**Q** 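Sharing a structure, written as structure tokens. Questions coming.
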Amino acid sequence: MSEPVAQTRQEPAAPHRESVPAPAAPHRPCGPPGARPGPLRRLTAPLGTLAAGLTAFGYVGAVDPNHPGHYPVCPLLHLTGIYCPACGGLRSAHAVAHGDLVTALGANAPAVACYAACAVFWVVWTLRAARGLPTAGPRLRAVHWWAAGALLLVFTAVRNLPLGTALTP
């Protein structure tokens, strides 16, 4: 005689559930609660930005953009003969690196204004970071961006007209 076979009863499968990730924990800075980063840590980004800017100006100061072959040509100028708003920017940076502000303004005045604005913003950023104050940049509204774009458009149009030859690099 054969022994009876035990029948196993299978449980019904549980309904399929999608796993939902747990919400991420809020970012908390390292260190004890309420501690602020030290001055060296706060100055890391401004000093790194200064090093990058000085390196760029040092390179442009050492490798003269007035001699062809060192830098690529402006594609707009090469293809159409029209000076873009940035044409002469490297020449102006070279002149600034050599302390010749008159030549820099003649090569590209808006570029020199941007170099000066960047220097002012960097100083403000560094001072605020050194004091442990919030380092948010200036809050420019849409009207500021439109005004800057309009000024660059007028500059570009005038420098490409016969009366604006003094503005060409």
Side-chain angles (χ1 to χ4, degrees), residues 27-31 35-169:
H27 173 69
R28 293 191 180 120
C30 298
R36 295 189 319 182
L40 185 60
R41 176 126 171 121
R42 290 191 308 256
L43 291 174
T44 302
L47 293 177
T49 303
L50 176 66
L54 290 177
T55 301
F57 268 88
Y59 180 79
V60 174
V63 181
D64 192 357
N66 294 306
H67 299 319
H70 296 293
Y71 300 98
V73 296
C74 173
L76 184 67
L77 180 63
H78 181 70
L79 295 173
T80 65
I82 296 173
Y83 291 105
C84 76
C87 280
L90 284 174
R91 291 183 186 104
S92 71
H94 180 77
V96 166
H98 289 275
D100 189 0
L101 191 59
V102 174
T103 302
L105 287 169
N108 192 322
V112 175
C114 285
Y115 305 150
C118 285
V120 168
F121 289 141
W122 180 86
V123 168
V124 170
W125 178 28
T126 304
L127 291 175
R128 292 183 64 84
R131 293 180 183 149
L133 299 173
T135 56
R139 301 283 186 233
L140 298 179
R141 294 183 288 164
V143 68
H144 299 115
W145 293 109
W146 281 103
L151 283 172
L152 283 178
L153 186 64
V154 168
F155 172 72
T156 304
V158 170
R159 81 187 312 199
N160 285 294
L161 293 174
L163 63 104
T165 55
L167 298 175
T168 59

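Everything numeric here is computed off the predicted structure, so don't read it as measured data. Counting begins at 1 with the first residue of the sequence.
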**Q** Just jot down the side chain to side chain donor-acceptor pair (under 3.5 Å) partners of T103, sequence neighbours excluded, or say none.
**A** D100
**Q** Just grab all the ring-ring contact (aromatic ring centres under 6.0 Å, His included) pairs involving residues 40-93, residues at least two apart or on different chains.
**A** F57-Y115
**Q** Taking side chain as C-beta onward, heavy atoms only, is N66 less than 4.5 Å from R91?
**A** yes
**Q** H98: which residues meet the ring pair (Phe, Tyr, Trp, His ring centres under 6.0 Å) condition with it, sequence neighbours left out?
**A** H94
**Q** So which atom in G89 and which in A111 form the shortest heavy-atom distance, rounded to 0.1 Å?
**A** CA-CB, 4.3 Å
**Q** Quick check: do S92 and L105 have side-chain heavy atoms less than 4.5 Å from each other?
**A** no
**Q** Got a sec, which pairs hit ring-ring contact (aromatic ring centres under 6.0 Å, His included) with one end in residues 145-169, sequence neighbours left out?
**A** none
**Q** Measure across N108 and C87 and return the closest heavy-atom pair with its distance rounded to 0.1 Å.
**A** ND2-O, 3.0 Å
**Q** Please report the shortest heavy-atom distance between V96 and A104, naming the atom on each side.
**A** CG2-CB, 3.6 Å
**Q** Take L43 and T126 through the test side chain to side chain contact (heavy atoms under 4.5 Å, CB included) and record every step on the way to the result.
**A** CA-CA 7 Å; L43 291 174; T126 304; 3.9 Å; yes
**Q** Suppose the criterion is side chain to side chain donor-acceptor pair (under 3.5 Å): which pairs have a residue in residues 152-163, not counting sequence neighbours?
**A** none
**Q** State which residues pass side-chain contact (heavy atoms from CB on, under 4.5 Å) with R141; sequence neighbours excluded, sorted by chain then number.
**A** V143, H144
